[in-house]
Amino acid sequence: MSETLYGGTSARRITIRDLANAKLAGDRWPMLTAYDFSTARVFDEAGVPVLLVGDSAANVVYGYDTTVPVTVDELLPLVRGVVRGAKRALVVADLPFGSYQASPEQALDTATRFMKEGGAQAVKLEGGARVAPQVELLTSAGIPVMAHIGLTPQSVNTMSGYRVQGRGDEAGQRLLEDAHALQDAGAFAVVMEVVPSDLAKKVTHELHIPTIGIGAGVECDAQVLVWQDMAGLRGEGKPAKFVKQYADVSAVLTEAVRQFASEVQAGTYPGAEHSYH
Ligand code: KIV
């Protein structure tokens, strides 16, 4: 029987075996993205068992419009920071667009960098049965792989935008087959992004590995959100339907900045207690 994953008492790092046991025990868990030491430490201390250094860093760290441009060299330092900040959480590094699609060997080279140079404990890559050979080679080389199906943002150009995936019998069957192919190739978990809840429920019940939903309904074994979406620190534009905002960090920061600025202007900061004598 597994110990509860979220906020568990064990101080050791979460493993993919813990995640497998959580599925058997029916224990749901949260996953969050993280991109730096300070937030990774907060999320880790809050008990989040899995942190993803997502290629969504392209948007929320680097300000690109899509995840397509972000590179391995841009993501690697972020992974290092998160790994230093997280003592208990399993840290998963996202393989960016163009760093694994060409061949299983290319995927192995990239994933090896994230494990050796970044210190990640697992990697994630996007795609269905087409990337099963990549998943198989990485897994056999000792690299745990989280798969990602449904809306795969790296394919925004072939999908012609960000839309619900797997709708209708044929598309639903294809997604189910992709999920099985990835599980058979050795993936330890699969992210399902923006797919109908009924389909996500079916995949979750058929697979023995955990499913992690983002816009895939409540029946998934786990849920993931980009932390800036969840905490209200995202730039302009309407958030996706699946986003629930649990805080307004943007408003808190704005207020703090304004107060700091006004105290500097008024000459009331620094006070005696913040000065050296
Ligand atoms: O890059 C990312 O943040 C992701 C999650 C949204 C699953 O892939």
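All ligand and atom numbering here is 1-based and tracks the order in the structure.
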Ignoring hydrogens and geometry, is there a side-chain-to-backbone donor-acceptor pair from R13 to A86 under 3.5 Å?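 Such a contact is found between R13 side chain and A86 backbone.
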So, the side chain of T152 versus the backbone of I149: is there a donor-acceptor pair under 3.5 Å, distance only?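 The answer is no, because no donor-acceptor pair under 3.5 Å joins these two groups.
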Show me the donor-acceptor pairs, under 3.5 Å and distance only, between side chains in residues 255-262 and residues at least two apart or in other chains.
| from | atom 1 | to | atom 2 | distance (Å) |
| --- | --- | --- | --- | --- |
| S262 | OG | Q259 | O | 3.3 |

State which residue, out of V145, V191, V190, fulfils the side chain to side chain contact (heavy atoms under 4.5 Å, CB included) condition with K124.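 Looking at V145, V191, V190, the match for K124 under the side chain to side chain contact (heavy atoms under 4.5 Å, CB included) is V191.
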Sort and list the pairs that fulfil side chain to side chain donor-acceptor pair (under 3.5 Å) and have at least one residue in residues 210-228, not counting sequence neighbours.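 The answer is K23-D221, T204-T211, T211-D221.
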Which protein N or O atoms sit under 3.5 Å from any N or O of ligand 1? Give atom names and distances.
| from | atom 1 | to | atom 2 | distance (Å) |
| --- | --- | --- | --- | --- |
| ligand 1 | 1 (O) | D55 | N | 3.1 |
| ligand 1 | 1 (O) | D55 | OD1 | 2.9 |
| ligand 1 | 1 (O) | S56 | N | 3.0 |
| ligand 1 | 1 (O) | S56 | OG | 3.2 |
| ligand 1 | 1 (O) | D94 | OD2 | 3.1 |
| ligand 1 | 3 (O) | S56 | OG | 2.5 |
| ligand 1 | 8 (O) | K124 | NZ | 2.9 |

Residue list, ring pair (Phe, Tyr, Trp, His ring centres under 6.0 Å) with F114, at least two apart or on another chain: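 Not a single residue meets the ring pair (Phe, Tyr, Trp, His ring centres under 6.0 Å) criterion with F114.
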